[in-house]
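What follows is a set of notes on a single structure, which appears directly below.
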Amino acid sequence: MDTESTVSLFRRLEQLNGIGAALSRERDIERLLENILEAAKTITGADGGTLYSVTEDGAALKFEIVRTDSLGIRLGGTTGRPIDFPQLPLRHADGSPNDSLVAAHAALHDRTVNIADAYTAAGFDFSGTRAFDARTGYRSQSFLTVPMKNHDRELIGVLQLINARDPATGAVTAFSEADQSLAESLASQAAIALTNRLLISQLERLFESFVNLINLAIDEKSPYTGGHCQRVPALTMMLAEAADAATEGPLADFRMTERDRYELKMAGLLHDCGKITTPVHVVDKATKLQTIYDRIGLVDTRVEVLKRDAELAALRRQLALRPVADAQGEAQALKGLQAELAALDADRAFLRQCNTGSEAMRPEDQQRVRDIAVGRQWRNPQGVQTAFLTAEEVENLTIRSGTLTQAERDTINYHIVATIKMLETLPWPRHLRNVPEYAGGHHERMDGKGYPRGLTREQMSLQARMMGIADIFEALTAADRPYKSGMTLSQALAIMGKMRDGGHLDPDLFDVFVAEGVHLRYAQEFLEPAQRDM
């Protein structure tokens, strides 16, 4: 080997090493496939080439990338131009090997096929190649076909190069032994890099599937929180993209990589995973007396019992007056009965209205509930005269706003503690290590009065603050809650504006949220038309 050839070989070996390192860094599958083919073309001086992958059932080769420089052909991969060529079956219908196709032969027999001229080569069917040449005016001549196998010796694809060119003259030549050795070495490195990337992608898909499984479990447990678990991540990412695009103001330096985006997306999907521990009757509590069922029915039953008692008492009084035939007395008893029944019906209607929790309760109404509770007595199933309402029922019916008692609010709020505990037990890889912090901070406040850790703005990441805004906006506008209707955009923003001023929300992020129209994009996708009043 002369000096010039030796220098050229060393240069190409250096290229091969550099290419191998570059392939190991690439995370995108389509770009990785493109890089493999382009690298093989470069290192062998080929004019064109095709990269095939093995179909999932292992029965055929599928075109992934097609390139021919002299014809300007670029198909598949990131080009967005699909490849409509049919797959190459590895075997015939009777199970015999499809050795007539050079790519199938190389794959089946695990051997490199180096052909100097396709038009004179024996044993292979190049009719498709000849037809292509006839259509395009191209002359397919030299072929180098290399099977790609991973470290387990499993076939994952085939690399095929076409028309090696002399670096000095540009004339088409056969692929040399050095070309073949370099292509085989590259195919081996590429197969390992591709296999690693596919394994990582499969693990990521498996992880995302587990995340979605958790959300599905919450969804099946409660359809109300299920929608929340899907919408908050979407809104968080909208706000994150708006913050990333900012070129001036406090967020001008904030930027996210693709890994940062993926990490935040995962945190958004997992931000309420702790709700899987929250009792359904608390999450879905639509009325004040609801537990497993709405106990207002028990109140109705007691009212009916008291009405029967009043009727019986009136009848007894009437019977007592029979011997003296006091018509006026009987009429008076009947009048008293009617008044008592009307009072009971009024009390029942009042308690049913209190049970809905649809508006803030006045102090005088809370006192009326207490008066009814102790002012009326009923005979329970044990025959004991007792207060009309239990202490627990009074506590629920006198809730000032909403349908939850403080204990129930604490139970629901505990979901964030459960979320943090669950997420902090997982062995997160480096690029996802912030998921627990992002997901666990969406109930904190900028002034340190949030929960569960009472963090201040300075102690929280921007991503956690983003999730706080997304969580609140979704909750205000959600139309699928059992206890309220969804607010309009203007109502939600007015409330959140006060929350920003009160130290609840991050002011810089909220300004971006409004200025960049994040709320409008979200509304277009998730809100009812009647809610979009801006």
Side-chain angles (χ1 to χ4, degrees), residues 12 16 19 33-55 58-71 73 75-77 83 85-92 96-133 138-150 153-165 172-194:
R12 292 204 288 172
L16 180 63
I19 290 167
L33 293 173
E34 286 182 343
N35 291 346
I36 291 171
L37 182 57
E38 293 293 349
K41 286 168 65 266
T42 298
I43 208 167
T44 61
D47 179 52
T50 300
L51 187 65
Y52 304 91
S53 67
V54 180
T55 56
L61 296 177
K62 179 176 65 174
F63 287 85
E64 291 287 355
I65 312 289
V66 175
R67 298 285 187 271
T68 305
D69 294 344
S70 60
L71 294 178
I73 294 176
L75 301 176
I83 303 174
F85 302 154
Q87 295 178 355
L88 306 182
L90 292 175
R91 296 185 180 275
H92 297 296
S96 60
N98 187 8
D99 285 327
S100 62
L101 298 179
V102 64
H105 177 87
L108 288 170
H109 299 284
D110 188 21
R111 59 181 289 264
T112 299
V113 180
N114 191 341
I115 296 174
D117 192 337
Y119 283 24
T120 61
F124 296 110
D125 179 8
F126 281 103
S127 58
T129 298
R130 288 175 177 269
F132 173 81
D133 289 353
Y138 193 67
R139 173 62 166 92
S140 301
Q141 185 172 323
S142 55
F143 277 73
L144 182 61
T145 307
V146 185
M148 296 172 59
K149 290 198 170 186
N150 62 20
R153 303 303 299 165
E154 297 172 333
L155 180 73
I156 63 171
V158 172
L159 174 64
Q160 187 171 76
L161 302 170
I162 304 173
N163 286 1
R165 292 173 297 190
V172 176
T173 65
F175 288 95
S176 67
E177 290 185 7
D179 291 334
Q180 181 173 327
S181 296
L182 289 170
E184 288 172 343
S185 179
L186 174 61
S188 178
Q189 292 185 56
I192 294 172
L194 181 57

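Just so it is clear, the structure is predicted and the values come from calculations on it, not from any experiment.
- At distances below 3.5 Å, not a single donor-acceptor pair connects side-chain atoms of Ser188 with backbone N or O atoms of Glu184.
- Remark: Asp99 CG to His109 NE2 distance equals 3.5 Å, nearest 0.5 Å.
- Here the closest heavy-atom approach between residue Ala121 and residue Ile115 is recorded as CB-CG2, 3.6 Å.
- In this structure, Thr44 contributes its side chain and Ala40 its backbone to a donor-acceptor pair below 3.5 Å.
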Run the numbers on Leu90 and Asn98 for side chain to side chain contact (heavy atoms under 4.5 Å, CB included), then give the verdict. CA-CA 5 Å; Leu90 292 175; Asn98 187 8; 5.7 Å; no

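- Distance check: Asp47 CG to Leu161 CG gives 11.0 Å after rounding to the nearest 0.5 Å.
- Between the CZ atom of Arg67 and the CG atom of Leu75 there is a distance of 7.5 Å, given to the nearest 0.5 Å.
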Verdict with supporting geometry, Leu108 and Arg91, side chain to side chain contact (heavy atoms under 4.5 Å, CB included): CA-CA 9 Å; Leu108 288 170; Arg91 296 185 180 275; 4.0 Å; yes

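- Atom-to-atom distance recorded for Leu159:CG and Lys41:NZ is 11.0 Å, nearest 0.5 angstrom.
- In terms of heavy-atom proximity, Val146 sits nearest to Ala183 at CG2-CB, 4.2 Å.
- Between Phe124 and Phe126, the ring-plane angle classifies as perpendicular under the 30° and 60° cut-offs.
- Neither side chain, Thr112 nor Gln180, offers a donor N or O lying under 3.5 Å from an acceptor on the other.
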Please test Asp69 against Arg165 for side chain to side chain contact (heavy atoms under 4.5 Å, CB included), starting from the C-alpha separation and ending with a verdict. CA-CA 12 Å; Asp69 294 344; Arg165 292 173 297 190; 4.0 Å; yes

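- Counting all heavy atoms, side chain and backbone alike, Thr55 lies closest to Gln87 at CG2-OE1, 3.6 Å.
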As a quick check of understanding, evaluate side chain to side chain contact (heavy atoms under 4.5 Å, CB included) for Asp110 and Lys149, giving each step before the final call. CA-CA 8 Å; Asp110 188 21; Lys149 290 198 170 186; 3.5 Å; yes

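- Contact detail for Leu186 and Ala39: the closest heavy-atom pair is CD2-C, 3.8 Å.
- Scanning all heavy atoms of the two residues, the minimum distance from Ala104 to Leu61 falls at N-CD1, 4.1 Å.
- The main-chain N or O of Asp125 is never found under 3.5 Å from a side-chain atom of Ser100 such that the two would form a donor-acceptor pair.
- Ser181 places a side-chain N or O within donor-acceptor distance of the main-chain N or O of Glu177, the cut-off being under 3.5 Å.
- To the nearest 0.5 Å, atoms OG1 (Thr173) and CD (Gln141) are separated by 8.0 Å.
- Taking CG of Leu182 as the reference point, atom OG1 of Thr42 lies at 12.5 Å (rounded to 0.5 Å).
- Contact between Arg111 and Pro147 at its shortest, heavy atoms only, is O-CD, 3.5 Å.
- In summary, of the residues considered (Thr68, Thr129, Asn163, Asp133), a side chain to side chain donor-acceptor pair (under 3.5 Å) with Ser140 occurs for Asp133 alone.
- In this structure, the side chains of Ile65 and Thr50 stay at 4.5 Å or more apart for every pair of heavy atoms.
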